[in-house]
Amino acid sequence: RRGAVEGALERCRGLKAQRKELRAKLATAEQESWIYARLDEAFGKDGIQALIIEGAIPEIESEANALLGRLTDNRIQVSLESLKDLKSGATRETLDIKIADELGERAYDLYSGGEAFRTNFALRVALSKVLARRSGTRLRTLIIDEGFGTQDGKGLESMVEAIQEISRDFDKILVVTHLPLLRDAFPTQIHITKDPQYGSTLQLIQAAAV
């Protein structure tokens, strides 16, 4: 009986050592789990990226409205909201773009094609400038491809003025258009013509700016 008891005692000692080792592993696992949970929060949508967005929103909004003011004679302004109030009383992370003119705030699809295009243009340029500035680089080239067909004469003039105004922020601006009024506003032009036999041909023209 004594031998059996001593054997059982030895097994208990072995189990005690295993328990101590497992508790140490559990403590390490719990600590790592806590670290990974914090990292998951930090790199999730409500973490670091939310803080970056929160910090960038006023900058983007300011840049967009400065350009939009020139494009619309200060008629249209945009605001960016990152929090949305829920019916439950809580808030939710979001990114809403609100557009207002002299008539008040309206849905995007209730603005004319020309107004919507100018709003889009201002937001895209503002976002590009802020991203470049935050990455420590400089925007060197801006390509504006079509979209001007929605503009009336006054709208086109505003677009030309805005493009010329922001030209100091870029080394090169390329404007793709079929509209003579817009084309003739810029002194250096590349005319592209299609030939059924030879394909597309390019012609560089130095014209007088209007």
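For Q77 (side chain) and N74 (main-chain N/O), no donor-acceptor pair under 3.5 Å exists by modelled atom type. Between the side chain of Y111 and the backbone N or O of T119, no donor-acceptor pair lies under 3.5 Å. Remark: the backbone N or O of L80 is not paired with any side-chain donor or acceptor of D96 at under 3.5 angstrom.
Between T177 and L179, the closest heavy-atom pair is OG1-N, 3.0 Å. Residues A64 and A122 come closest through the heavy atom pair O-CB, 3.6 Å.
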*Quick one: do Y198 and T193 satisfy side-chain contact (heavy atoms from CB on, under 4.5 Å)? Show the steps, please.*
CA-CA 10 Å; Y198 301 105; T193 55; over 6 Å; no

*Step by step, work out the side-chain contact (heavy atoms from CB on, under 4.5 Å) result for V176 and I144.*
CA-CA 6 Å; V176 182; I144 307 170; over 6 Å; no

*For I173 and F186, what are the C-alpha separation, side-chain angles and deciding distance, and is it a side-chain contact (heavy atoms from CB on, under 4.5 Å)?*
CA-CA 10 Å; I173 295 181; F186 303 101; over 6 Å; no

_Run the side-chain contact (heavy atoms from CB on, under 4.5 Å) test on L127 and L123 for me, step by step, so that the C-alpha distance in whole Å, both residues' side-chain angles and the decisive distance to 0.1 Å come before the verdict._
CA-CA 6 Å; L127 182 59; L123 282 169; over 6 Å; no

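Residue pairs meeting the salt bridge (charged side-chain N to carboxylate O under 4.0 Å, His left out) criterion with at least one member in residues 59-73, sequence neighbours excluded: E59-R133, E59-R134, E63-K129, E63-R133, D73-K154. For residues 14-23, the pairs satisfying salt bridge (charged side-chain N to carboxylate O under 4.0 Å, His left out) are E21-K25, with sequence neighbours left out.
Partners of R38 by side chain to side chain donor-acceptor pair (under 3.5 Å), not counting sequence neighbours, listed by chain and number: E41. Taking R106 as the reference, D101 meet the salt bridge (Lys or Arg N to Asp or Glu O under 4.0 Å) condition, with sequence neighbours excluded. N120 is linked by a side chain to side chain donor-acceptor pair (under 3.5 Å) to Y108, counting only residues two or more places apart in sequence or in another chain. Here E102 pairs with R75 under the salt bridge (Lys or Arg N to Asp or Glu O under 4.0 Å) rule; sequence neighbours left out. Evaluation of the side-chain contact (heavy atoms from CB on, under 4.5 Å) rule for E32 yields T28, Y36 as partners, not counting sequence neighbours. With sequence neighbours left out, P196 forms a side-chain contact (heavy atoms from CB on, under 4.5 Å) with no residue at all. In this structure S128 satisfies the side-chain contact (heavy atoms from CB on, under 4.5 Å) test together with L139, sequence neighbours excluded. L202 pairs by the side-chain contact (heavy atoms from CB on, under 4.5 Å) definition with I190, I192, not counting sequence neighbours. Taking the salt bridge (Lys or Arg N to Asp or Glu O under 4.0 Å) definition, one finds that E30 meets it with nothing, sequence neighbours left out.
To the nearest 0.5 angstrom, Q206 atom CD is 9.0 Å from Q189 atom CD. Taking CG of L68 as the reference point, atom CD of E115 lies at 9.5 Å (rounded to 0.5 Å).
Summarising the hydrophobic clusters (Ile, Leu, Val, Met, Phe, Trp, Tyr; side-chain heavy atoms under 4.5 Å, direct or chained), the residues clustered with L174 are I143.
Heavy atoms from other residues, nucleotides or ligands lying under 6.0 Å from CD of E105 number more than 12.
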